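What follows is a set of notes on a single structure, which appears directly below.
Quantities reported herein were computed from a predicted structural model and do not represent experimental measurements.
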Amino acid sequence: MQLNILGCYSATPRTFTNPTSQVLEINNHIFLIDCGEGTQVELRRHKIKFNRIKHVFISHLHGDHFFGLVGLISTFRLLTREADLHIYGPKGLKEIITLQLKLSKSWTNYQLIFHELTSTSSEVIFEDDKVEVRTVPLDHRVYTNGFLFKEKEKERKLDMNAVLNANIDVAYYRKLKQGFDVVNEEGIIIKNESVTLKGPEPKSYAFCSDTAYNESVVPIIKDVSVLYHESTFLEKHAKLAPKTKHSTAMEAAKIAKLAQVGKLILGHYSTRYEDLNAFKTEAETIFHTVELADDGKVFDL
């Protein structure tokens with residue numbers, strides 16, 4: 001599982017910083033999370049193949065999180081994309097994008113499939129045999145969701161000494177990996193746990209976009225491997241957080257501590273700050289494992 005930060009600053013793009021967008025690679029999926037202005041340029045810069053992006057997740061309808069989407073969709077069209085593109089985001093996103101395409105007479109030659117979100121409770125919005133994605137309802141000035149990406153339980157490992165001693169035919173190895181009991185060559189039922197070991201621990205990643213301090217997310221993101229949480233302000237500007245429905249670095253750390261996450265990544269910094277290390281320093285007074293997002297940074301999760 002790998003996270004590529006394309007942009008992690010709030011408000012407007014600058015020549016040296018980009019608004020929110022990131023790519024999560026998990027179990028052969030390339031998920032694009034938010035799509036601020038300039039996202040397609042950053043995708044090219046980091047050599048991420050456009051045709052591998054099949055699913056886009058938009059947290060909310062503030063420009064620094066989705067203004068790059070129609071441009072990316074149009075570029076896909078110019079590159080003669082054929083694969084479907086699934087877009088998950090708030091109700092209204094489909095109307096915005098289709099109006100832009102309609103008035104510019106730029107209809108795509110591939111299918112756009114919108115999954116518009118309205119629920120204020122956490123819900124599963126994507127699932128296959130390896131990955132599940134669910135929403136994390138947030139508290140911002142407009143309807144906003146974060147997203148929780150979770151690997152499903154992985155196949156069990158064969159304890160080959162035990163398997164051979166139990167005289168199990170090789171035809172049943174696949175069933176064993178899937179967790180089933182099997183019958184050996186003498187007709188005896190062999191319990192799965194006696195000849196297999198638990199597979200690798202599934203990983204998980206929670207993306208908490210723009211939000212005020214909100215403890216209601218804790219049960220949803222409990223024990224995640226990695227949490228990305230917005231930290232727009234430092235404590236010296238903490239009075240701005242409730243007014244704008246954003247969080248401070250220390251508040252992000254409190255959420256990480258309550259949820260007992262494995263690692264906290266801070267991002268969505270206000271562009272008023274020059275020294276990002278201050279965010280890490282403040283967060284580490286609350287939570288022990290803190291890293292700073294930055295444009296172009298890649299995390300192996």
Side-chain angles (χ1 to χ4, degrees), residues 1-4 22-33 52-57 59 86 88 115 117 119 121-138 145-184 188-209 216-229 255-265 287 289 291 298-301:
M1 189 161 67
Q2 187 176 82
L3 179 69
N4 193 318
Q22 49 187 249
V23 168
L24 179 68
E25 184 167 0
I26 175 173
N27 278 298
N28 293 319
H29 287 294
I30 297 288
F31 292 140
L32 179 62
I33 309 170
R52 292 196 61 198
I53 299 172
K54 304 293 196 328
H55 304 271
V56 180
F57 299 85
S59 61
H86 292 262
Y88 308 78
H115 305 262
L117 308 175
S119 177
S121 299
S122 180
E123 60 179 343
V124 174
I125 57 173
F126 171 81
E127 185 174 17
D128 65 10
D129 59 342
K130 293 183 178 179
V131 180
E132 176 188 282
V133 184
R134 67 166 49 247
T135 57
V136 182
L138 300 174
N145 285 299
F147 302 103
L148 173 61
F149 303 83
K150 295 179 68 174
E151 290 181 328
K152 293 191 173 179
E153 286 289 332
K154 299 192 174 182
E155 287 188 340
R156 297 184 66 82
K157 293 182 178 180
L158 299 181
D159 181 345
M160 286 309 300
N161 286 333
V163 169
L164 294 173
N165 289 336
N167 202 20
I168 298 170
D169 191 280
V170 67
Y172 290 108
Y173 286 6
R174 180 66 179 160
K175 284 287 187 184
L176 288 173
K177 289 180 179 181
Q178 293 172 341
F180 293 99
D181 298 338
V182 299
V183 176
N184 72 0
I188 300 170
I189 296 175
I190 305 298
K191 291 292 184 182
N192 186 276
E193 59 269 23
S194 69
V195 292
T196 66
L197 305 169
K198 189 174 181 181
E201 194 67 28
K203 294 179 180 180
S204 53
Y205 172 66
F207 169 81
C208 285
S209 172
S216 68
V217 306
V218 171
I220 304 170
I221 65 172
K222 186 79 171 173
D223 298 322
V224 297
S225 308
V226 180
L227 166 65
Y228 174 96
H229 196 289
I255 294 296
K257 184 175 182 180
L258 288 171
Q260 298 180 299
V261 308
K263 179 190 295 183
L264 170 65
I265 300 176
F287 187 72
T289 310
E291 296 203 40
V298 177
F299 294 92
D300 290 313
L301 308 182

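Looking at Asn192, its side chain does come within 3.5 Å of a backbone N or O of Phe180 through a donor-acceptor pair. Remark: the backbone N or O of Asn184 is not paired with any side-chain donor or acceptor of Asn167 at under 3.5 angstrom. Under a 3.5 Å cut-off, the side chain of Asp169 and the backbone N or O of Tyr172 do not form any donor-acceptor pair. Judged by distance alone, with hydrogens and angles left aside, the side-chain atoms of Ser119 form a donor-acceptor pair with the main-chain N or O of Ser121 at under 3.5 Å. Looking only at distances, no side-chain donor or acceptor of Ser204 sits under 3.5 Å from a matching main-chain atom of Phe149.
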*Would you please test Leu158 and Val195 for side chain to side chain contact (heavy atoms under 4.5 Å, CB included) and show each step?*
CA-CA 6 Å; Leu158 299 181; Val195 292; over 6 Å; no
*Any chance you could lay out the side chain to side chain contact (heavy atoms under 4.5 Å, CB included) test for Leu3 and Val23, step after step, and finish with the verdict?*
CA-CA 6 Å; Leu3 179 69; Val23 168; over 6 Å; no
*Decide salt bridge (Lys or Arg N to Asp or Glu O under 4.0 Å) for Glu127 and Lys152; before the verdict, give the C-alpha distance in whole Å, the side-chain angles of both, and the deciding distance to 0.1 Å.*
CA-CA 10 Å; Glu127 185 174 17; Lys152 293 191 173 179; 2.7 Å; yes
*Could you go step by step and tell me if Glu25 and Met1 meet the side chain to side chain contact (heavy atoms under 4.5 Å, CB included) rule?*
CA-CA 6 Å; Glu25 184 167 0; Met1 189 161 67; over 6 Å; no
*Could you go through the side chain to side chain contact (heavy atoms under 4.5 Å, CB included) check for Leu227 and Cys208 one step at a time?*
CA-CA 7 Å; Leu227 166 65; Cys208 285; 3.9 Å; yes
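Contact of the Val226 side chain with the Val261 side chain is not registered, since no non-hydrogen atoms from C-beta on lie closer than 4.5 Å. Val131 places a side-chain heavy atom less than 4.5 Å from the side chain of Val133.
With sequence neighbours excluded, the residues forming a side-chain hydrogen bond (donor to acceptor under 3.5 Å, both in side chains) with Ser122 are Arg134, listed by chain and number. For Lys198, the salt bridge (charged side-chain N to carboxylate O under 4.0 Å, His left out) test picks out Glu201, with sequence neighbours left out. Qualifying side-chain hydrogen bond (donor to acceptor under 3.5 Å, both in side chains) partners for Glu132, counting only residues two or more places apart in sequence or in other chains: none. Shown here are the salt bridge (charged side-chain N to carboxylate O under 4.0 Å, His left out) partners of Lys175, two or more places apart in sequence or in another chain: there are none. Under the salt bridge (charged side-chain N to carboxylate O under 4.0 Å, His left out) criterion, Glu123 pairs with no residue, sequence neighbours left out. Contacts of Glu153 classified as side-chain hydrogen bond (donor to acceptor under 3.5 Å, both in side chains), with partners at least two apart in sequence or in another chain: none.
Taking the six-membered ring where tryptophan is involved, the planes of Phe57 and Tyr88 are essentially parallel, since the angle between them stays under 30° and well short of 60°. Using cut-offs of 30° and 60° for the angle between ring planes, the His29 and Phe31 rings count as parallel.
A salt bridge links Glu155 with Arg174: the closest approach of a Lys/Arg side-chain nitrogen to an acidic carboxylate oxygen falls below 4.0 angstrom. Lys130 and Glu151 are not joined by a salt bridge, as no carboxylate oxygen comes within less than 4.0 angstrom of a charged side-chain nitrogen.
Contact between Val217 and Ile255 at its shortest, heavy atoms only, is CG2-CG2, 3.9 Å.
With hydrogens and angles left out, the side-chain atoms of Tyr205 and Gln22 include a donor and acceptor closer than 3.5 Å.
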